[in-house]
Amino acid sequence: MSQRLPDKLKAPEVDLLSPMLNREGDTWTADFRGLKLRTALQPIYSISHKRIVGYEALIRAFDPDNAAVLPLHLFQLPASDAENLLLDRLCRYLHIRNYSGIQDQLNWLFLNVSPRVVTAGSQADSFFGQLLEKTGLPPHRIVMEIVEQPTDDAERLRETVAYYKKLGCLTAIDDFGAGHSNFERIWNLSPDIVKLDRKLLTRATDDHKARQILNGIVSLLHQSGCLVLLEGVETRDQAMIAIDAGVDFVQGFYFEKPSTDLGQLGRGPADFDQLLQEYKTRNQVTLDPTRQLVDFFSGYFEQAIGKLRDGLSMHQACVELLNHPAVSRCYLVDDRGVQMDDTVVSDTATRGLDPRFKPLESTTSADWYRQQYLRQALAQPESLHVTAPYLCVTGAYMCVTLSLGFYHQGKLQVLCCDILASPTPATL
């Protein structure tokens with residue numbers, strides 16, 4: 001039976017919520033507005049560890065006929081901020097009660113908390129600390145997950161996140177990359193874990209450019225000091241995208257669906273050995289063309305450098321390179337990273353120049369020292385280096401750059417050659 005709620009409720013304490021919970025065998029349920037609430041848990045896996053490292057707690061509601069009620073409809077029931085706060089805390093109380101009874105004494109429990117609820121209550125209230133003390137669940141096993149929603153009180157949100165951290169909990173930002181969850185929120189809240197919005201994965205599944213953006217976002221988040229979780233993984237291809245993106249953790253139907261049968265958690269297959277072996281095989285195939293570029297163009301570079309040492313012009317020295325259909329341009333750089341002469345452009349590249357980027361075409365005296373391929377060539381002369389594909393600033397097209405440092409008249413110079421990243425199949 002549902003307990004009558006007080007008209008005014010600022011901060012429901014553990015003792016007020018306890019009568020709303022019921023023991024059913026090895027699990028707990030809760031009553032709210034005539035509905036029965038149950039805990040569902042979904043495993044979160046570490047790719048590198050190849051095992052479960054946590055579970056996200058999700059609420060499942062059922063009417064008196066045991067028919068499922070959508071979570072969206074459940075959270076529309078509260079008629080006031082106070083009741084909304086009560087429901088939020090009742091769910092967390094239920095989840096912690098259930099998780100405390102599981103034999104797993106190692107892994108994290110991810111708990112969702114809405115910024116609307118966070119900012120409505122006082123960050124200094126003792127509810128959550130009381131709850132952990134009553135259930136005996138150590139705070140370091142809790143990940144407080146801030147669900148992506150707008151909030152009018154960013155300072156209160158920051159204070160509340162700090163409160164959870166002071167308790168000893170980890171914090172996570174949910175749905176990063178959508179709506180209000182962006183890098184500003186990362187800087188303000190300094191979460192331990194960032195959960196990427198599943199739409200990023202959906203787009204990366206169909207769009208190679210979106211996949212590169214996903215990889216870049218993961219790299220930036222790691223540099224910000226955050227672990228990264230990708231949720232919504234539903235297919236094997238998406239699992240491979242997650243592995244390639246470098247995320248730390250994955251979650252989704254491909255691995256295991258949320259379940260209210262808490263005694264059967266983590267017993268589904270998670271074939272990380274096969275996935276990682278497939279990734280290694282694919283990655284080796286991906287690296288092979290890079291090695292082939294070095295092997296294929298080594299002779300061209302030796303010939304061009306020999307002609308430069310004989311005093312020929314850049315165009316004369318690089319004519320064989322420029323005649324290759326995959327080559328877009330060649331240029332010479334001094335030991336300070338500054339371009340020495342005009343760039344020589346192949347006929348293929350000239351025909352493909354986009355007039356919208358004409359202001360970027362002239363690179364006389366350009367300084368390329370910031371480019372990794374240039375610094376590598378200066379640090380390791382007489383060795384041909386090749387980059388991963390990147391966006392060329394001179395024409396906004398994708399390319400790879402070959403670079404080789406050599407000595408001419410006692411001075412170190414670097415010959416660079418841009419190769420179109422997506423040449424036609426017959427070009428190599």
_Stepwise side chain to side chain contact (heavy atoms under 4.5 Å, CB included) test for Gln42 and Glu231_ = CA-CA 11 Å; Gln42 185 175 30; Glu231 58 184 347; over 6 Å; no

*asked:* Under the criterion side chain to side chain contact (heavy atoms under 4.5 Å, CB included), I'd like the reasoning laid out for Arg141 against Leu109: C-alpha separation, chi angles, the key distance, then a yes or no.
replied: CA-CA 6 Å; Arg141 294 187 58 203; Leu109 175 66; over 6 Å; no

_With side chain to side chain contact (heavy atoms under 4.5 Å, CB included) as the criterion, how do Gln371 and Cys416 come out once you've worked through the C-alpha distance, each side chain's angles and the decisive distance to 0.1 Å?_
CA-CA 11 Å; Gln371 303 300 322; Cys416 302; over 6 Å; no

*Give the C-alpha distance, both sets of side-chain angles, the deciding distance and a yes or no for side chain to side chain contact (heavy atoms under 4.5 Å, CB included) between Leu378 and Tyr369.*
CA-CA 10 Å; Leu378 290 173; Tyr369 191 80; 3.9 Å; yes

*Go through the steps for Thr135 and Tyr93 under the test side chain to side chain donor-acceptor pair (under 3.5 Å), then give the verdict.*
CA-CA 9 Å; Thr135 57; Tyr93 191 178; over 6 Å; no

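Under the 30°/60° scheme for interplanar angles, the aromatic rings of Phe272 and Tyr45 are found to be tilted.
Of the possible donor and acceptor atoms, none in the side chain of Arg185 sits under 3.5 Å from a partner among the backbone N and O of Ile173. A donor-acceptor pair under 3.5 Å is absent between the side-chain atoms of Thr387 and the main chain of Tyr373, judged by distance alone. Between the Arg51 side chain and the Ser46 main chain, no donor and acceptor come within less than 3.5 Å of each other. Between the side chain of Arg23 and the main chain of Gly25, a donor-acceptor pair closer than 3.5 Å is present. A donor-acceptor pair under 3.5 Å links the side-chain atoms of Ser259 to the main chain of Asp261, judged by distance alone. Judged purely by atom type and a 3.5 angstrom limit, Asp248 uses its side chain to pair as donor or acceptor with the backbone of Val228.
Of all the heavy atoms in Trp28 and Asn98, the pair that sits closest is N-OD1, 2.6 Å. Heavy-atom minimum distance, Gln251 versus Pro43: CG-O, 3.8 Å. Summarising the geometry of Cys169 relative to Asp192, their closest heavy-atom pair is O-OD2, 4.5 Å, with the distance given to 0.1 Å. Here the shortest heavy-atom pairing between Val143 and Ala172 reads CG1-CB, 3.7 Å. Between Asp88 and Asn112, the shortest heavy-atom contact is OD1-O, 4.1 Å. Residues Lys134 and Ser18 approach most closely at CE-OG, 3.7 Å, considering heavy atoms.
Considering Thr401, Val338, Val414, Thr363 as possible partners of Trp368, the one that fulfils the side-chain contact (heavy atoms from CB on, under 4.5 Å) test is Thr363.
Within 6.0 Å of atom CD in Glu184, 12 or fewer heavy atoms from other residues, nucleotides or ligands are found, so the atom counts as exposed in its surroundings. For Arg211, the CZ atom counts as densely surrounded, since its 6.0 Å shell holds more than 12 non-hydrogen atoms of other residues, nucleotides or ligands. The 12-atom threshold is exceeded at CZ of Phe357, counting heavy atoms of other residues, nucleotides or ligands nearer than 6.0 Å. In the displayed structure, Glu133 atom CD is contacted under 6.0 Å by at most 12 heavy atoms of other residues, nucleotides or ligands. Enclosure of atom CG in Asp206 by more than 12 non-hydrogen atoms of other residues, nucleotides or ligands within 6.0 angstrom is indicated.
A distance of 4.0 Å separates CG in Leu137 from CD1 in Ile142, rounded to the nearest 0.5 Å. Considering OH of Tyr55 and CD of Glu256, their distance stands at 7.5 Å, rounded to 0.5 Å. Rounding to the nearest 0.5 Å gives a distance of 5.0 Å between CG of Leu321 and SG of Cys417. Here the CG-CD distance, from Leu170 to Glu145, works out to 12.0 Å after rounding to the nearest 0.5 Å. Here Leu200 contributes atom CG and Leu230 contributes atom CG; the two are 8.0 Å apart, rounded to the nearest 0.5 Å. Distance check: Asp31 CG to Lys36 NZ gives 7.5 Å after rounding to the nearest 0.5 Å.
In this structure the side chain of Ile146 reaches within 4.5 angstrom of the side chain of Val113, judged on heavy atoms. Inter-residue side-chain proximity for Tyr164 and Leu111 is flagged as unmet; no heavy-atom pair is nearer than 4.5 Å. At least one side-chain heavy atom of Ile96 sits less than 4.5 Å from a side-chain heavy atom of Leu131. At least one side-chain heavy atom of Leu87 sits less than 4.5 Å from a side-chain heavy atom of Leu74. In this structure, Ser190 and Lys165 have side chains that are in contact, with non-hydrogen atoms separated by less than 4.5 Å. Within the 4.5 Å cutoff, no side-chain heavy atoms of Gln277 are placed close to those of Gln274. In this structure the side chain of His324 reaches within 4.5 angstrom of the side chain of Phe296, judged on heavy atoms. In this structure, Leu402 and Tyr300 have side chains that are not in contact, with every pair of non-hydrogen atoms separated by 4.5 Å or more.
Remark: the Arg236 side chain and the Tyr254 side chain contain an N/O donor-acceptor pair separated by less than 3.5 Å. For the residue pair His385 and Ser403, no side-chain donor N or O sits within less than 3.5 Å of a side-chain acceptor on the partner.
A cation-pi arrangement is present between Lys257 and Phe253 under the rule of less than 6.0 angstrom and at most 45 degrees off the ring axis.
Centroid-to-centroid, the aromatic rings of Phe110 and Tyr99 stay 6.0 Å apart or farther.
Between Asp334 and Lys411, no side-chain nitrogen of the basic residue sits less than 4.0 Å from a carboxylate oxygen of the acidic one, so the salt-bridge criterion is not met.
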